[in-house]
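Encoded as structure tokens, the structure appears first; notes follow it.
These values consider heavy atoms only, across backbone and side chains, with no hydrogens, waters or symmetry-generated copies. Order of the sequence lines sets the chain letters (A, B, ...), proteins ahead of strands, with each chain counted from 1.
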Amino acid sequence: LIERRTTMPKYMLLLHGGESPDYSPQEMQRIVEEYIAWARRLRTEGHMLDGDELGEGGKMLRGTGAALTVTDGPFTETKEAIGGYFLIEAADEAQAVEISKECPGLRRGGAVQLRPIVEH
Amino acid sequence: MTQASGTTAYSTPRNTASPEPVEQLVEDLFRREAGRMVSTLTRVFGVEHMDLAEDVVQETLLKALQQWRFKGVPENPSGWLFRVSKNHALDILRRRATLGRKQGEIAHSEERRQAETAEEQFAVSENQIEDDQLRMMFTCCHPALSRESQVSLTLKTLGGLSVPEIARAFLSDERAVAQRLVRAKRTLREQGVEFVVPEGDLFEGRLDAVLQVLYLLFNEGYAVSAGENLIRAELCREAIDLVELLARHPRGDAPRTHALAALMLLQASRLPARVDGHGDLLLLADQDRKLWNRSMIHRGFAHLELAAQGEVVSEYHLEAGIAACHACAPDYESTDWPAVLDAYDSLARLNGSPVIAINRAVAYSRVHGPAAGIGELDKLRGEPRLADYYLLWSSLGALHAEAGNGEQAGAFYHEALKHVGSEPERRFLSRKLKEMEAPTGP
């Protein structure tokens with residue numbers, strides 16, 4: 001893991017919502033297939049590093065010691081919630097935007113939040 | 001040794017350690033697995049909780065969608081889906097049992113028993129899943145339900161189609177379909193319908209209902225599986241899946257089941273040739289027969305052989321026989337038209353449907369010439385059920401064109417256009433009309 005393949009900057013794509021609980025089985029399969037195709041292209045072009053689903057719920061911690069509070073959430077509206085992320089490599093932000101534009105989630109009212117990983 | 005080689009397999013040198021993800025999902029995987037899971041879950045939960053079974057399946061598929069889009073598809077997608085739906089169902093059953101214990105009601109003993117035995121109820125083999133699907137087929141085609149409800153419920157549960165998809169397939173209103181499904185499930189609940197394949201004498205009659213529903217499903221798909229309405233090709237595939245499932249099951253393995261399977265496969269083998277590059281319909285005479293699906297034709301003939309083992313000749317036998325004549329003809333002209341006409345004659349005796357009469361007249365024209373065919377069709381023109389049926393008018397148009405009566409042919413094509421249902425059919429007729437009206441060259 002110490003050995004790095006490239007020195008390209010990394011970007012985090014956070015995927016917000018856009019999926020409906022009412023999809024038919026056939027529609028759901030089509031969406032999975034779109035993601036598979038998109039991810040395959042990113043892998044062949046050497047952009048894809050990682051990706052995973054983020055579960056609902058979770059906790060929010062604030063403060064420390066006696067002042068520590070642990071609350072449920074953050075609760076976000078389902079259509080806003082972050083469903084997962086992809087970690088990619090791109091030459092620059094412009095290219096990262098180009099890659100994100102093709103994310104299948106955008107076709108169904110979802111949003112992609114693109115954040116650069118800061119290298120030190 | 002095995003241990004060692006197993007370890008090496010995992011310690012790949014690069015940091016791209018994750019195995020190559022599954023790149024392709026099997027066609028209709030989600031839809032088919034939905035039908036299988038709903039069937040098994042309905043057995044575990046009981047017919048009265050079919051809604052719950054459907055909810056569990058929907059949640060399972062959503063989970064797959066959410067996870068697979070980031071992580072890729074697992075090695076055994078069907079196994080993954082089955083495991084997740086099973087765990088979800090077990091959770092529900094345990095929760096219900098706990099709730100029952102807390103309330104201390106005796107009525108909940110059934111639920112407790114269910115929860116205790118649930119684990120083993122899910123220990124199912126491939127055969128048992130098919131048993132469950134068969135039970136589901138007979139439940140959906142229960143005589144307490146109208147034919148429309150039987151078809152809709154079969155598509156919803158076994159076919160994994162959503163309400164909007166069913167509505168689109170049958171050109172009906174989404175709300176009407178949803179209500180029909182709610183009513184159907186309520187009827188099954190109120191009548192205490194059990195999740196079984198009926199036994200003894202009851203079976204024969206119920207099998208006929210199942211076959212009729214599958215036949216209807218297929219025809220609905222086959223009628224216009226071209227153009228805009230792609231969902232209709234799925235209806236054909238689903239009907240074939242179910243009829244083949246029925247045919248390989250010891251209980252459903254009857255000659256008429258095989259006849260229906262043969263009929264569907266031989267008909268569907270032509271689907272790839274039914275549209276041209278522009279999505280326009282092509283008649284049998286104009287199809288490129290090289291595009292016909294050979295493997296479907298082979299399967300069709302295998303079923304036809306098994307269909308011949310009975311004493312009774314059903315309508316499915318006759319229709320399959322006609323489809324077989326087309327399937328083995330190298331081109332339209334060399335079709336064994338006398339055999340086709342023969343089969344239509346027998347079919348017309350069994351079934352007074354005017355649609356069959358039209359097809360018979362067309363076969364008649366192939367044997368005795370277009371003028372004779374026109375004579376047969378003219379006899380049908382007074383039939384009120386056919387007044388709105390565009391195929392009567394377009395067939396008259398085609399035969400008049402063939403006989404050289406251009407003017408009459410045009411008039412009949414115009415009449416046909418008034419009754420046409422789908423966009424590809426409309427384009428087809430417009431094209432025919434244009435051909436009629438274009439100068440026929442020097």
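Residue with the most contacts toward chain B among A/Arg30, A/Gln29, A/Glu53: A/Gln29 (heavy-atom pairs, distance under 4.5 Å).
Checking B/Glu165 against A/Gln26 by side-chain atom types alone, no donor-acceptor pair falls below 3.5 Å. Between the side chains of B/Gln133 and B/Ser39, no donor-acceptor pair of N or O atoms lies under 3.5 Å.
Here B/Glu238 pairs with B/Arg31 in a salt bridge; the nearest charged N to carboxylate O distance falls below 4.0 Å.
Panel note: side chain B/Thr42, backbone B/Val38; a donor-acceptor pair is recorded below 3.5 Å.
Of the atoms belonging to A/Pro21, heavy atoms from both backbone and side chain fall under 4.5 Å from chain B. Looking at A/Leu15, only its side chain comes within 4.5 Å of chain B, counting heavy atoms on both sides.
For A/Glu98, the side-chain contact (heavy atoms from CB on, under 4.5 Å) partners are A/Lys101, not counting sequence neighbours. Checked against side chain to side chain donor-acceptor pair (under 3.5 Å), B/Asp51 has the following partners two or more places apart in sequence or in another chain: B/Lys185. Among residues two or more places apart in sequence or in another chain, the salt bridge (charged side-chain N to carboxylate O under 4.0 Å, His left out) test is passed with A/Asp22 by none.
Contacts from residues 59-67 of chain B to chain A, taken as heavy-atom pairs separated by less than 4.5 Å, involve B/Leu61, B/Leu62, B/Leu65, B/Gln66, B/Gln67 in sequence order.
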